[in-house]
Amino acid sequence: MSRIAIPAVESATGSTADIYARVKKLSGGRVPNTYAALGHLIPASLAAVLDTQATLNSGNLSRQEHETIKLLISEKTGCDVCVAAHSFVGKLVGLPVDALHAIRAGQPTGDAKRDALVRFVSHLHATSGTISDDEFNAIREAGYTDTQLAEISLTIALGIFTNTFNRINGTDVDFPSVE
């Protein structure tokens, strides 16, 4: 059970109600628990999350690549809410279930570029972002551009933010169970 009490989404007013309306428009009418808590506590933080995601969505990485990064980071940080969310969204954007399992385990998925991304993100997580020239060259050789490397960094940062908040809060999982 979540540690931080959040009033019902329907009772929100002011900037919280405004940001919830934005979430509902983007998500088909629902406000996930993580977003409900952030919107209640600091509406601007939820706006920043949504704005950051919009920036990433208009960038050069595919939705599958974003979900690969977010799922892997969520697994590594132990965020059950985000593992469930990014497994769900990963399926929606076309990642096969066996690839989702492999990503979580840091195992090969059968897609060389995705596997290079998983290795790179795993290494970044394990080393707090410190990489060698060999790691840099390997991700570039896999086909990632300088701009995409910046997008990978931003995707990781966004994931760590929500993962950390969910771990602090003990946010209730409100996505389907991971298969």
Side-chain angles (χ1 to χ4, degrees), residues 23 26-28 32 34-35 38 45-168 171 173-179:
V23 170
L26 293 170
S27 69
T34 301
Y35 288 1
L38 288 172
S45 73
L46 181 51
V49 167
L50 298 178
D51 291 343
T52 301
Q53 190 57 58
T55 297
L56 291 169
N57 289 345
S58 67
N60 295 295
L61 292 175
S62 71
R63 290 294 306 268
Q64 287 188 5
E65 289 167 319
H66 287 294
E67 292 309 318
T68 295
I69 296 165
K70 290 177 186 177
L71 178 60
L72 181 60
I73 289 296
S74 298
E75 179 70 26
K76 290 189 171 297
T77 62
C79 181
D80 294 339
V81 175
C82 290
V83 166
H86 297 299
S87 293
F88 177 78
V89 175
K91 283 189 257 182
L92 291 178
V93 300
L95 286 169
V97 172
D98 60 331
L100 295 169
H101 289 290
I103 292 164
R104 289 180 62 205
Q107 299 298 316
T109 66
D111 179 288
K113 190 170 182 182
R114 182 183 306 126
D115 292 346
L117 180 61
V118 168
R119 281 190 303 277
F120 185 69
V121 171
S122 293
H123 188 80
L124 289 171
H125 181 266
T127 64
S128 298
T130 302
I131 62 168
S132 68
D133 288 343
D134 289 341
E135 281 108 9
F136 179 80
N137 292 333
I139 196 68
R140 291 295 301 278
E141 288 170 14
Y144 287 96
T145 67
D146 293 342
T147 299
Q148 288 173 317
L149 294 175
E151 291 174 7
I152 289 167
S153 298
L154 185 55
T155 304
I156 291 169
L158 182 59
I160 289 175
F161 170 69
T162 56
N163 293 169
T164 302
F165 176 74
N166 283 326
R167 299 289 308 273
I168 291 167
T171 306
V173 178
D174 57 344
F175 285 87
S177 297
V178 177
E179 297 175 0

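If you're wondering where the values come from, they're calculated on a predicted model, not measured in any experiment.
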Working for side chain to side chain contact (heavy atoms under 4.5 Å, CB included), residues Ile73 and Ile160: CA-CA 7 Å; Ile73 289 296; Ile160 289 175; 3.7 Å; yes
From the list Val81, Asp80, Val173, Thr77, side-chain contact (heavy atoms from CB on, under 4.5 Å) partner of Asn166 resolves to Val81
Exercise: do Ser132 and Glu135 side chains pair donor with acceptor under 3.5 Å: yes
Listing, residues 87-95 side-chain donor-acceptor contacts under 3.5 Å, not counting sequence neighbours, or none:
residue, atom, partner, partner atom, Å
Ser87, OG, Val83, O, 2.8
Lys91, NZ, Glu179, OE2, 3.0

Is Val49 close to Phe165 at the side-chain level, that is, under 4.5 Å between some pair of heavy atoms? no
d(Ser58 OG, Gln53 CD) to nearest 0.5 Å is 10.0 Å
Kindly check if the number of other-residue, nucleotide or ligand heavy atoms within 6.0 Å of CG (Asn57) is above 12? yes
Pairwise distance CZ(Phe120) to CG(Leu149) - rounded to 0.5 angstrom: 5.0 Å
Side chain to side chain contact (heavy atoms under 4.5 Å, CB included), that's the test. Do Phe175 and His86 meet it? Break it down for me. CA-CA 9 Å; Phe175 285 87; His86 297 299; over 6 Å; no
Reported CG-to-OH distance for the pair Asp174 and Tyr35, which is rounded to 0.5 angstrom: 11.0 Å
For a side-chain contact (heavy atoms from CB on, under 4.5 Å) with Val121, tell me which candidate from Ile103, Ile139, Thr68, Ile152 qualifies. Ile152
Apply the side-chain contact (heavy atoms from CB on, under 4.5 Å) test between Leu72 and each candidate in Ile156, Leu124, Val118; give the one that qualifies. Val118
Contact check, side chains of Leu56 and Thr52, non-hydrogen atoms, under 4.5 Å: yes
Those residues that, when tested against Asp146, pass salt bridge (Lys or Arg N to Asp or Glu O under 4.0 Å) (two or more places apart): Arg140
